[in-house]
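This report concerns only the one structure given below.
Lettering of chains follows the sequences in order, A, B, ..., and the numbering in each one begins at 1.
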Protein chains: 2
Amino acid sequence: MATNRQTKDRHQEILDAAARVITERGLAETRISDVAEQAGVSPGLILYYFESKDRLLAEALTFANDQFYLRTSREIRRLPSAVDQLRRLIDLSVPGYLPEYERLDEWALWIEVWVRALRDKEMAKDREVLDERWRSQIADIIRNGRSSGEFGSTEDVDELALRLASLIDGLAIQVVMNDSKVTPERMHRACMHVAAHELGFEFAKSDVSP
Amino acid sequence: MATNRQTKDRHQEILDAAARVITERGLAETRISDVAEQAGVSPGLILYYFESKDRLLAEALTFANDQFYLRTSREIRRLPSAVDQLRRLIDLSVPGYLPEYERLDEWALWIEVWVRALRDKEMAKDREVLDERWRSQIADIIRNGRSSGEFGSTEDVDELALRLASLIDGLAIQVVMNDSKVTPERMHRACMHVAAHELGFEFAKSDVSP
DNA sequence: TGGCGAAGTTTGAACGGTCAGTCAAGCCGC
DNA sequence: GCGGCTTGACTGACCGTTCAAACTTCGCCA
């Protein structure tokens, strides 16, 4: 039976289409027919695969976030040094810093997640898990760098990770809004500066833009 | 003519009611009739004072933000030392840290501002101004503390302010979502820690909770 | 091999509920 | 009694959801 395979594809296709539409139009302005059009199917089919618009959009938000996380962590694992890993993580976190990456603006979706999580319990739970994973990703790098001797700091790893993650969040919001005073380059510099100082490493010349 | 005075009152009353409803139900779920009910008037009247629901909600968002800013800056100006000013600013910025303050959760409204600013040019401009003002508030305190000798750091004021403001933003998001791992106390500690280290001051015993 | 039918997909027209926005008619202060 | 304020019933559009009918796939049997 092709059923299972096909069904899975459709499911993903629709989630993907939904994420795209949300990024473009915003959660509030996303209609089922938009998603259908984006996915190249009829509106009825959307409701065949998802029990309601609400559920679809909620799933799409966490789905997109997951994609980003997987992509990022796969990339990072490849790098040998913790300093490079951290730099790469920051590169990937600054909206618009790496032009090559298809700008499916993850951060815009993140903000939609927050809004929804304020009132939707299910989403609130997902968000908490996702956020914890984000901090862990940073914490892991810190631990790597510490055991390899790259980082000198001896402070609590989780506190360091929380501060760095939150700083990135706060800056990314402004950058993704195209704030004329907070450019991608400035955000990148700020993040690297804090990372270097808090963790105790040198980042010399290689701080230059890509 | 009572017109002007009355009219102004109604305008504000409605904005205030709208801000309350948005905080409770979220921007997307706010109906004109909700605002009318909250304000104790008929739905028709809302559209007599505002040309559309959209405009009303946009105005309400910036209005609420303004209120918060004015309240905060008035309070801060009273304090004599820069360290106290900064501590107070942080107290006020941590969602739920000061129980006395009517929790008209400013941060929840902020997130709605961000979502809207992603697509609404008008709102994007307002947001940029508001954010700049927020950074300036911090920058001013830093300058105070520097000229009074309380702060030892000599780094660029705007960079320091950007980093501190962004850290607060990023942490506040998590706290306002009731993240079990990121409590108001933890956020407060993190902010004070960074402030003390980045600006070079001691904050000894007075770090205890209120 | 070929064709039958059942199960799973897909379509798009139709329905119904919900609101934003309108308006005609009252209200009240000056 | 004029002019701004206020009401709330009404309208029209919009969109989520339903559904019956068509289409596709594929296993099965002659």
Side-chain angles (χ1 to χ4, degrees), chain A residues 1-63 112 115-116 119-120 122-123, chain B residues 1-63 112 115-116 119-120 122-123:
Chain A
M1 239 205 309
T3 297
N4 243 327
R5 171 105 199 97
Q6 289 241 26
T7 290
K8 186 128 190 249
D9 282 356
R10 263 291 135 83
H11 213 262
Q12 295 244 120
E13 270 172 34
I14 293 174
L15 284 176
D16 198 70
R20 269 171 220 282
V21 176
I22 297 170
T23 308
E24 246 170 63
R25 314 194 33 131
L27 194 62
E29 300 295 308
T30 295
R31 289 160 294 179
I32 286 191
S33 59
D34 296 325
V35 178
E37 196 177 356
Q38 173 75 228
V41 299
S42 74
L45 197 65
I46 305 295
L47 276 290
Y48 178 76
Y49 283 96
F50 295 85
E51 83 177 74
S52 73
K53 178 197 176 187
D54 243 43
R55 271 257 217 287
L56 161 63
L57 297 186
E59 270 190 56
L61 287 176
T62 55
F63 168 79
E112 302 281 8
V115 168
R116 203 179 154 142
R119 269 123 210 146
D120 175 343
E122 199 68 30
M123 187 97 267
Chain B
M1 242 209 302
T3 298
N4 242 328
R5 173 103 199 97
Q6 291 241 26
T7 291
K8 185 127 191 245
D9 282 356
R10 262 295 135 82
H11 214 262
Q12 295 243 120
E13 271 171 33
I14 294 174
L15 284 176
D16 198 70
R20 269 173 222 283
V21 176
I22 297 170
T23 308
E24 247 169 63
R25 313 193 34 127
L27 194 62
E29 300 295 308
T30 295
R31 288 160 294 179
I32 287 188
S33 59
D34 296 324
V35 178
E37 195 177 0
Q38 172 75 228
V41 299
S42 74
L45 198 65
I46 305 295
L47 277 288
Y48 178 75
Y49 282 95
F50 294 86
E51 82 177 74
S52 74
K53 178 198 176 186
D54 242 43
R55 271 256 217 289
L56 161 63
L57 298 186
E59 271 190 55
L61 286 175
T62 54
F63 169 79
E112 302 279 9
V115 169
R116 206 184 150 135
R119 269 124 209 145
D120 175 342
E122 200 68 30
M123 186 99 268

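In this entry the distance linking CG of B:Asp54 with P of C:dG21 reads 7 Å, nearest Å. The interatomic distance linking B:Ile14 (CD1) with D:dT7 (C1') rounds to 13 Å, in whole Å. To the nearest angstrom, C1' of C:dG21 lies 18 Å from OH of B:Tyr49. Going from atom CG of A:Leu47 over to atom P of D:dA20 covers 16 Å, rounded to whole Å. In this structure, B:Phe50 places its CZ atom 13 Å from P of D:dC5, rounding to the nearest Å. As a whole-Å value, the separation of B:Arg55 CZ from C:dA20 C1' is 16 Å. Here C:dT22 presents its C1' atom at 15 Å from CD1 of B:Ile46, a figure rounded to the nearest Å. The distance between atom NE2 of B:His11 and atom C1' of D:dG4, rounded to the nearest whole Å, is 15 Å.
Phosphate proximity of C:dT9 to A:Tyr48: present, with a side-chain N or O under 4.0 Å from OP1 or OP2. Neither OP1 nor OP2 of C:dG8 sits under 4.0 Å from any side-chain N or O of A:Arg10.
B:Asp16 places a side-chain heavy atom less than 4.5 Å from the side chain of B:Phe63. A 4.5 Å side-chain heavy-atom check between B:Val35 and B:Leu56 finds at least one atom pair inside the cut-off. Counting heavy atoms from C-beta on, the side chains of B:Leu57 and B:Glu112 never come closer than 4.5 Å.
Closest to the B:Arg31 side chain, of the nucleotides C:dC19, D:dT17, D:dT7, is C:dC19. Residue B:Val41 places its side chain closer to D:dT7 than to any other of D:dT7, C:dT9, C:dG21. Nearest nucleotide to the B:Ser42 side chain, out of C:dG21, D:dT6, C:dT10: D:dT6. The side chain of B:Lys53 lies closest to C:dA20, out of C:dA20, C:dT10, D:dC5.
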Go through the steps to decide whether B:Leu45 and B:Arg10 satisfy the test side chain to side chain contact (heavy atoms under 4.5 Å, CB included), and finish with yes or no.
CA-CA 10 Å; B:Leu45 198 65; B:Arg10 262 295 135 82; 3.6 Å; yes
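Note on A:Leu45: a base of the nucleic acid sits closer than 4.0 angstrom, heavy atoms only.
Interatomic distance, CD1 of A:Ile14 versus CD of A:Gln38, reported as 12.0 Å (0.5 Å rounding).
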